[in-house]
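Below you'll find the structure, written out as C-alpha cells, and then a few comments.
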Protein chains: 2
Amino acid sequence: MNPYLEERIRELGFRITPQRQLILEAVAEAGEKARIEDIMERVQAKSSAISQATVYRTLEIFGAHNLIHVNVLDGQRVYEVAGENVHHHMICQSCWSDEKIPHKVVNEFVDNVQVKYGFLAQPHHLFLLGLCKHCQEEEDKKQISKEEEKRP
Amino acid sequence: MNPYLEERIRELGFRITPQRQLILEAVAEAGEKARIEDIMERVQAKSSAISQATVYRTLEIFGAHNLIHVNVLDGQRVYEVAGENVHHHMICQSCWSDEKIPHKVVNEFVDNVQVKYGFLAQPHHLFLLGLCKHCQEEEDKKQISKEEEKRP
DNA sequence: GACTAACATGCGAATGTTTGCAATTGAGAA
DNA sequence: TTCTCAATTGCAAACATTCGCATGTTAGTC
C-alpha cells in the first residue's frame, strides 16, 4: 500500500488491517470517481470474506479524515484516494468530460474569501460543475435556432 | 406556494400537484440545510397520506432541475428551496457556523476559470467548508501549545 | 364540462446503507 | 515473545432509499 497513506493512517491513530489495505487498493485501482459498486466488486474479487459493512465503514472513516475524497456526482457518492498533489475537477454536466484544475487557481479564490470574510476555506477536492467549451458552443447554437423559430 | 416556483415548474413541463406543493412548503419551512427527516416529519404533519417515495422522488426531480438545492453536509444530504437570490455558504467544520457569501464573490472565481480554461462553472449553491475566523484562532493556540510541549 | 394521454402517486417489494454487539486482532508494554 | 486492551470486524437485524407497476390525476383539447 501507498506508504504515504500508511503513515497518515498511523498518525491519525488508526490501525492498519488487511481489510483496510485491500479496500484502499481497490479504491485506488477503481480510479477517479469510483462508485461504491465499483469498489465493492474489486474488494470482493480480492477477498470475498470482507463484509460490506467494513467497506462502508472504512470509506466513511477515511473520508472523514481526508485520506479519501468523497464527492457526489449525479446523485451518487464517488470516491478517490487522496494523493499528494491537491487538485480539483471541472466536470461538464452535458458531456460529463472531466478536466483537472490545479489547486493554485482555486487558491486565489480561497485567498480572496479569506481577505474579504476572514473565513479560511479548505477545499480538498472540489467538483466544479458546469459546461465545457465545446458544450457551451452547442448550447449557443440551440439558443440561436430557438430564437429563429419565433420569427421565421 | 411561491408563485415563482410554480411558474418554473410549469415551464419545465412538470405538473403541479397537491403533494408537490406541500413538499415544497415543507422544505421551505424546514429552513436552510433541511435534512430528509426534517422534511419527512413536516410533510407527515401536513398530510399523513403522502408516501415517502413521493417525497424522495419530488426532491430528486426538483433537485435535478435546480428548484431545490441539494448539498451534502457531514455525510448527509441537505435541501433548500432555491430562491431568486443566488448565494453560497461558508461553513465552519469546527463550530458549524454558517455564513452566506453573495454570488458576486464566487463569480470572480468563475470568470477566472472561464478565462483560463474556457470552462463555464455553474455553481448554484456552493458549500465552502473550512474554518471561521474564531476557530482559526483556536487552532493557532492549540498549535502553539503543542510546540511548547516539545521543548519545555 | 367531458375526454384523454401522459404524468404522478401509492403500495409493497427489492436494494442499499447503517448499526449493535460478540468475537477477533493489531500494536504497544512488559 | 507474550500479554493486554482498545480498535476493528463480521454478522444479522434495523433502517433508509429506490423501483415496478396498477391506479388516480393534471392540464390541455374538444
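Letters go in sequence order (proteins before strands), and every chain restarts at 1.
Ring pair A/H88/A/H124: centre-to-centre distance not below 6.0 Å. Taking the six-membered ring wherever Trp is involved, the centroid distance between the rings of B/H87 and B/H103 does not fall below 6.0 Å.
Ion pairing between A/E6 and A/R10 holds under the 4.0 Å rule for side-chain N and carboxylate O. Ion pair B/K133/B/E138 not flagged as a salt bridge, since none of the NZ, NE, NH1 or NH2 atoms sits closer than 4.0 Å to an Asp/Glu carboxylate oxygen.
A straight line from CD1 of A/I23 to C1' of D/dT9 spans 10 Å, rounded to a whole angstrom. Nucleotide D/dT9 holds its C1' atom 15 Å from the CG atom of A/L59, rounded to whole Å. Put simply, CZ on B/R35 is 17 Å from P on D/dC15, counting in whole angstrom units. Between the P atom of C/dC11 and the CD atom of B/Q19 lies a distance of 11 Å, rounded to the nearest Å. Going from atom CG of A/L12 over to atom P of D/dT8 covers 11 Å, rounded to whole Å. One atom, CG of A/L22, and another, P of D/dT9, lie 11 Å apart when rounded to the nearest Å. The distance between atom CD1 of B/I50 and atom P of C/dC11, rounded to the nearest whole Å, is 11 Å. Following rounding to the nearest Å, A/E60 (CD) and D/dT8 (P) show an atom-to-atom distance of 13 Å.
Between the side chain of B/Q136 and the main chain of B/L131, a donor-acceptor pair closer than 3.5 Å is present. In this structure, the side chain of B/Q44 engages the main chain of B/I50 through a donor-acceptor pair within 3.5 Å.
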Just by protein heavy atoms under 4.0 Å, how would nucleotides 23-30 of chain C read 5' to 3' in B, S and -? --BBS---
If a protein heavy atom is under 4.0 Å from the base, mark B; if only from the sugar-phosphate, S; if neither, -; do that for nucleotides 12-17 of chain C going 5' to 3'. ----SS
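Two residues are said to be in side-chain contact when any heavy atoms from C-beta on lie closer than 4.5 Å; A/R77 and A/I36 fail this criterion.
Comparing B/A49 and B/G75 along DNA chain C, the residue whose closest nucleotide (by nearest heavy atom) sits nearer the 5' end is B/A49.
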Below 3.5 Å, can you tabulate the donor-acceptor pairs from side chains in residues 16-29 of chain A to any protein atom, sequence neighbours excluded?
{"residue": "A/T17", "atom": "OG1", "partner": "A/R20", "partner atom": "N", "Å": "3.1"}
{"residue": "A/R20", "atom": "NH1", "partner": "A/R15", "partner atom": "O", "Å": "2.9"}
{"residue": "A/E25", "atom": "OE1", "partner": "A/K46", "partner atom": "NZ", "Å": "3.0"}
{"residue": "A/E29", "atom": "OE1", "partner": "A/K46", "partner atom": "NZ", "Å": "3.3"}
{"residue": "A/E29", "atom": "OE2", "partner": "A/K46", "partner atom": "NZ", "Å": "3.1"}

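The hydrophobic cluster containing A/L73, built from Ile/Leu/Val/Met/Phe/Trp/Tyr side-chain heavy atoms closer than 4.5 Å, also comprises A/V78, A/I91, A/W96, A/F127, A/L129.
Two end axes, each from the C1' atoms of five base pairs, can be drawn for the helix from C/dG1-D/dC30 to C/dA30-D/dT1; they diverge by 40°, to 10 degrees.
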Run the side-chain hydrogen bond (donor to acceptor under 3.5 Å, both in side chains) check on A/E80 and A/H125 step by step: do they pass? CA-CA 10 Å; A/E80 180 179 336; A/H125 196 233; 3.2 Å; yes
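Look at A/R57 and you won't find any side-chain N or O under 4.0 angstrom from OP1 or OP2 of D/dG10.
The ring pair (Phe, Tyr, Trp, His ring centres under 6.0 Å) check on B/F119 picks up nothing, with sequence neighbours excluded.
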